[in-house]
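Every value quoted in this text rests on a predicted model; they were computed, and no experiment measured them.
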Amino acid sequence: MTSHVVDASKLVERPQGGSVMQEDFELSRFGAYLTVMNGDPRKPAIAAAQAYFAIRTRQAEVVEKTLSQLDRAKGHLSLIQMAQGLIDPKHLEAKARLVLARGLGEAPELDASTTPLYAQSFLEEKGLSKAEIKSTSPVFGKRIKAAFILEHGEEPKQYPLETGSGQIRNVNAYTESDRPLFDDVWNKYYGGAA
């Protein structure tokens with residue numbers, strides 16, 4: 001026997017006289033779960049209990065996932081707060097709105113001019129393969145930066161980005177308001193061909 005199944009046998013008086021030992025068990029919640037889930041679902045009491053445990057298990061999974069999303073969102077918001085003064089405020093605001101929306105399970109409400117725009121996603125939109133993006137993005141990124149400096153008279157702000165390999169590196173922060181710049185560079189150097 002385990003702590004999930006405890007012997008609860010007792011002496012029961014017989015109507016004819018005398019007594020007999022009646023075997024009985026007390027089950028922990030987990031013990032009851034195991035018993036029910038391995039029971040015959042054709043019996044109404046077993047079917048009802050199986051449905052109960054299935055619903056409760058799903059509810060627990062949803063709560064756990066929600067808490068995990070909230071913890072992740074809190075961590076991201078803390079990082080965004082620490083980056084104030086280091087990264088363009090518009091970029092930070094857009095990132096914060098994305099994090100908040102994801103944490104709440106909603107679609108983000110963003111101003112297109114403050115929505116982050118990444119060189120890699122721009123190149124993906126153009127239909128480049130992963131290999132083409134890998135070979136194109138370094139030069140494309142330098143050309144975007146040069147065009148940004150030419151247009152704005154200063155370098156773009158930077159922010160830390162975690163790469164797929166887990167490394168953190170600073171990358172230039174662009175927004176959808178810079179999309180015409182991206183399009184100009186794409187059309188000028190890549191012939192506008194996708």
Side-chain angles (χ1 to χ4, degrees), residues 1-87 89-112 114-118 120-121 124-125 129-131 133-134 159-171 173 176:
M1 300 226 184
T2 70
S3 60
H4 299 294
V5 181
V6 178
D7 185 11
S9 298
K10 52 191 165 232
L11 223 45
V12 177
E13 296 296 324
R14 296 178 55 167
Q16 304 87 352
S19 58
V20 66
M21 184 62 77
Q22 183 178 14
E23 192 175 48
D24 200 0
F25 300 93
E26 286 185 15
L27 303 174
S28 68
R29 185 172 180 81
F30 184 67
Y33 172 81
L34 290 176
T35 302
V36 165
M37 296 313 280
N38 289 297
D40 184 352
R42 293 174 294 183
K43 295 181 180 176
I46 296 293
Q50 287 177 343
Y52 169 82
F53 281 121
I55 290 167
R56 289 296 184 188
T57 300
R58 179 66 186 137
Q59 287 172 337
E61 289 169 350
V62 169
V63 167
E64 187 176 316
K65 181 180 177 186
T66 301
L67 291 175
S68 174
Q69 288 172 330
L70 289 174
D71 285 343
R72 194 168 33 255
K74 280 178 158 167
H76 288 162
L77 288 173
S78 293
L79 287 173
I80 289 169
Q81 190 173 17
M82 287 189 283
Q84 288 181 355
L86 302 173
I87 300 173
K90 289 181 181 177
H91 185 80
L92 282 180
E93 179 185 344
K95 292 291 262 185
R97 288 180 180 273
L98 282 169
V99 169
L100 284 171
R102 285 185 193 134
L104 295 170
E106 300 174 352
E109 295 176 14
L110 294 175
D111 176 357
T114 61
T115 303
L117 176 62
Y118 304 100
Q120 182 169 342
S121 57
E124 286 171 0
E125 290 171 13
S129 69
K130 286 187 179 192
I133 290 171
K134 188 175 181 177
Y159 69 95
L161 178 71
E162 185 175 358
T163 65
S165 64
Q167 295 176 328
I168 305 290
R169 61 185 183 100
N170 285 332
V171 296
E176 283 292 335

Would you be so kind as to tabulate the donor-acceptor pairs closer than 3.5 Å made by side chains of residues 26-37, with sequence neighbours excluded?
| residue | atom | partner | partner atom | Å |
| --- | --- | --- | --- | --- |
| Ser28 | OG | His4 | ND1 | 2.8 |
| Ser28 | OG | Phe30 | N | 3.4 |
| Ser28 | OG | Gly31 | N | 3.0 |
| Arg29 | NH2 | Tyr52 | OH | 3.2 |
| Thr35 | OG1 | Gly31 | O | 2.8 |

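- Applying the side-chain hydrogen bond (donor to acceptor under 3.5 Å, both in side chains) test to Ser9 and every residue at least two apart in sequence or in another chain returns Asp7.
- Legend: residues meeting side-chain hydrogen bond (donor to acceptor under 3.5 Å, both in side chains) with Asp24, ordered by chain and number and at least two apart, are Lys10.
- More than 12 heavy atoms of other residues, nucleotides or ligands shown are found within 6.0 angstrom of CD on Gln59.
- Listed by chain and residue number, nothing satisfies the salt bridge (Lys or Arg N to Asp or Glu O under 4.0 Å) test with Arg14 (two or more places apart in sequence, or in another chain).
- Within the structure, salt bridge (charged side-chain N to carboxylate O under 4.0 Å, His left out) contacts touching residues 35-57 (residues at least two apart or in different chains) are Asp40-Arg42.
- Summarising the geometry of Pro41 relative to Ala47, their closest heavy-atom pair is O-CB, 3.3 Å, with the distance given to 0.1 Å.
- Taking the side-chain contact (heavy atoms from CB on, under 4.5 Å) definition, one finds that Leu11 meets it with Ser19, Met21, sequence neighbours left out.
- The local environment of CD in Gln50 is crowded, with over 12 non-hydrogen atoms from other residues, nucleotides or ligands closer than 6.0 Å.
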